[in-house]
There are 2 protein chains.
Amino acid sequence: MITKNTSAPAVDATLRAWGLRLTRQRRIILEVVHATDAHPTAAFVYRRVRRRLPRVSLATVYRNLRRLAAEGFLAERADPSGVRFDGNTAPHDHFTCVACGRIYDVPTRATRGVRARIAVRSGFEVLNHRVEFYGRCGACRRQGGRSPVKGQRRS
Amino acid sequence: MITKNTSAPAVDATLRAWGLRLTRQRRIILEVVHATDAHPTAAFVYRRVRRRLPRVSLATVYRNLRRLAAEGFLAERADPSGVRFDGNTAPHDHFTCVACGRIYDVPTRATRGVRARIAVRSGFEVLNHRVEFYGRCGACRRQGGRSPVKGQRRS
DNA sequence: TTTGTTGTTGATAATGATTACTAAAAATAC
DNA sequence: GTATTTTTAGTAATCATTATCAACAACAAA
Ligand SMILES: [Mn+2]
Ligand SMILES: [Mn+2]
Ligand SMILES: [Zn+2]
Ligand SMILES: [Zn+2]
């Protein structure tokens with residue numbers, strides 16, 4: 001599934017505003033992450049970027065993913081399957097299928113109010129929160145009752 | 001902060017029921033995790049266990065943490081700071097202080113109902129869910145307005 | 001208790017993911 | 001254009017975790 005491609009000029013301007021140079025590799029890395037909703041790993045992004053830049057270095061991919069995440073152009077999340085990147089920087093939750101390993105976006109609407117409810121207790125100042133659901137996606141439920149897979153390949 | 005020490009005989013019985021032998025190292029590893037609420041890393045557990053078993057191997061600590069987690073004697077969680085273990089196997093959420101890195105338990109009461117709300121949509125069968133809060137704990141708020149630390153040492 | 005079987009351990013090598021390093025190349029400023 | 005500054009590619013190094021395996025310890029049958 002492909003999401004809308006980020007408009008290059010707009011991204012360029014924002015990158016510049018943050019003092020980031022516009023290198024071919026940086027732009028393509030960002031485009032690759034924005035062009036998928038698969039919550040890709042660094043290795044996945046590397047494979048995709050190499051289609052367009054066969055000589056790109058894995059280190060360059062890591063370097064830029066980390067930096068672009070730090071600057072807010074994409075999101076970085078760690079879960080049991082490792083570190084993944086998300087071009088969708090709007091607030092949303094996730095559903096991970098324990099059978100196929102796919103990670104689906106879930107509108108935050110369902111969990112709105114969670115933060116407010118916790119904020120009042122214990123003197124914690126809550127700046128952010130994350131909700132993760134685990135279960136079986138529609139496709140996997142239809143395909144029969146196989147039990148959850150243990151070793152999920154990281155794509 | 002120390003939580004109640006697991007009663008050795010009871011644990012012994014349960015371990016046996018699961019076909020796990022009662023080795024000195026296995027029991028002490030479990031005790032160490034149950035004796036702290038710091039959500040320790042494997043390295044932290046290793047250091048603690050060595051106080052009582054100076055010749056224990058790091059591999060033994062990993063092996064048993066993973067197995068004890070798989071059998072349900074403790075919980076394993078992955079987050080941006082890495083893999084951590086939790087002796088508290090009751091359902092509960094977590095608050096991570098972005099200033100000091102400490103992870104606090106949060107009663108699930110505050111987020112009850114979250115799962116039910118999501119279960120109805122998209123054909124997902126929700127088996128489990130996790131809520132993570134991020135912010136500043138009471139201690140860190142008092143200590144002044146330093147901005148969140150980036151590199152948190154893993155204890 | 002002795003003995004036999006089988007699971008577990010300690011030591012260390014291997015792996016996989018990520019980061020550090022650095023000379024060369026590219027982007028930007030003048 | 002030339003000068004200045006960043007970034008890159010390639011690769012070595014690091015870090016967390018897992019695999020391997022001979023020696024050992026737990027358990028149970030005798
Ligand atoms: Mn997402
Ligand atoms: Mn906990
Ligand atoms: Zn699925
Ligand atoms: Zn704190």
Side-chain angles (χ1 to χ4, degrees), chain A residues 8 11-13 15-30 32 39-47 49-50 52-71 73 76-85 150-155, chain B residues 8-9 11-30 32 39-47 49-50 52-71 73 76-85 150-155:
Chain A
V11 170
D12 288 8
L15 284 171
R16 278 186 216 276
W18 278 88
L20 292 186
R21 289 191 176 185
L22 288 174
T23 66
R24 216 166 141 45
Q25 22 290 76
R26 181 166 293 153
R27 193 213 311 262
I28 291 175
I29 288 164
L30 188 54
V32 163
H39 303 88
T41 62
F44 178 99
V45 175
Y46 177 52
R47 269 181 265 122
V49 171
R50 260 202 302 192
R52 294 217 256 157
L53 289 175
R55 307 202 47 105
V56 75
S57 162
L58 176 59
T60 297
V61 170
Y62 270 104
R63 209 182 315 122
N64 281 294
L65 285 174
R66 290 259 131 90
R67 180 132 181 213
L68 290 166
E71 308 286 24
F73 295 101
E76 181 178 347
R77 349 178 303 115
D79 67 20
S81 73
V83 175
R84 288 169 178 278
F85 298 89
K150 255 300 166 29
Q152 215 76 51
R153 17 220 150 292
R154 301 187 54 192
S155 58
Chain B
V11 171
D12 289 7
T14 320
L15 284 170
R16 278 185 217 274
W18 279 89
L20 293 185
R21 287 191 179 184
L22 286 174
T23 65
R24 219 166 138 45
Q25 23 287 77
R26 179 166 293 152
R27 193 214 309 263
I28 291 175
I29 289 164
L30 187 56
V32 163
H39 303 88
T41 62
F44 177 98
V45 176
Y46 177 53
R47 269 181 263 122
V49 172
R50 262 202 300 192
R52 295 215 257 158
L53 288 175
R55 308 205 44 109
V56 75
S57 162
L58 176 59
T60 297
V61 171
Y62 270 104
R63 214 181 307 129
N64 280 292
L65 285 175
R66 290 258 132 91
R67 179 132 183 213
L68 290 166
E71 308 287 22
F73 295 101
E76 180 177 349
R77 348 180 302 116
D79 67 19
S81 74
V83 175
R84 289 169 178 278
F85 299 89
K150 257 298 168 28
Q152 215 75 52
R153 26 222 139 290
R154 300 188 55 194
S155 57

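Throughout, a chain's letter reflects where its sequence line sits, starting with A, and its residues are numbered from 1. For clarity, every value in this text was computed on a predicted model and none was experimentally measured.
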Closer than 4.0 Å, any side-chain N/O of [X] to the OP1 or OP2 of [N]?
| X | N | result |
| --- | --- | --- |
| B:R24 | C:dT8 | no |
| B:T23 | D:dA26 | no |
| A:T60 | D:dA9 | yes |
| A:Q25 | C:dA26 | no |

Inset, instruction - Answer whether the closest heavy-atom distance between the side chains of B:R27 and B:V11 falls below 4.5 Å. - result: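 They are not in side-chain contact.
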Inset, instruction - Flag the pair A:T41 / A:V83 as yes when at least one side-chain heavy-atom distance between them is below 4.5 Å, and no otherwise. - result: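 No; the side chains remain at least 4.5 Å from each other.
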Inset, instruction - Return the minimal non-hydrogen interatomic distance between A:Y46 and A:V61, and the atom names on each side. - result: CD1-CG2, 3.9 Å
Atom pair distance, as rounded to whole Å: [atom1] in [X] and [atom2] in [N]:
| X | N | atom1 | atom2 | value |
| --- | --- | --- | --- | --- |
| A:L20 | D:dT5 | CG | P | 18 Å |
| B:R66 | D:dA19 | CZ | P | 10 Å |
| B:W18 | C:dT8 | CH2 | P | 15 Å |
| B:R16 | D:dA28 | CZ | P | 7 Å |
| B:R27 | D:dA26 | CZ | C1' | 12 Å |
| B:L53 | D:dA25 | CG | C1' | 13 Å |
| A:N64 | D:dA9 | CG | C1' | 13 Å |
| A:R84 | C:dA17 | CZ | P | 12 Å |

Heavy atoms from C-beta onward define the side chain here; which of [options] lies closest to that of [X]?
| X | options | result |
| --- | --- | --- |
| A:R26 | C:dT19, D:dT17, D:dT8 | D:dT8 |
| A:R21 | D:dT17, D:dT5, C:dG10 | D:dT5 |
| B:S57 | D:dA9, C:dA11, C:dT28 | C:dA11 |
| A:A59 | C:dA20, C:dT8, D:dC27 | C:dA20 |

Inset, instruction - Say whether, by atom type as modelled, one donor and one acceptor occur between the side chain of A:R84 and the main chain of A:P40 under 3.5 angstrom. - result: no
Legend entry - Donor-acceptor pair present, B:R63 side chain and C:dG10 base, under 3.5 Å: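 Counting by modelled atom types and ignoring angles, a donor-acceptor contact under 3.5 Å is found here.
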Inset, instruction - Describe the nucleic acid contact of A:L58 in one word from base, sugar-phosphate, nothing, applying a heavy-atom distance below 4.0 Å. - result: base
Legend entry - Residue pairs passing the side-chain hydrogen bond (donor to acceptor under 3.5 Å, both in side chains) test where at least one lies in residues 15-25 of chain B, sequence neighbours excluded: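 Of all non-adjacent pairs touching residues 15-25 of chain B, none passes side-chain hydrogen bond (donor to acceptor under 3.5 Å, both in side chains).
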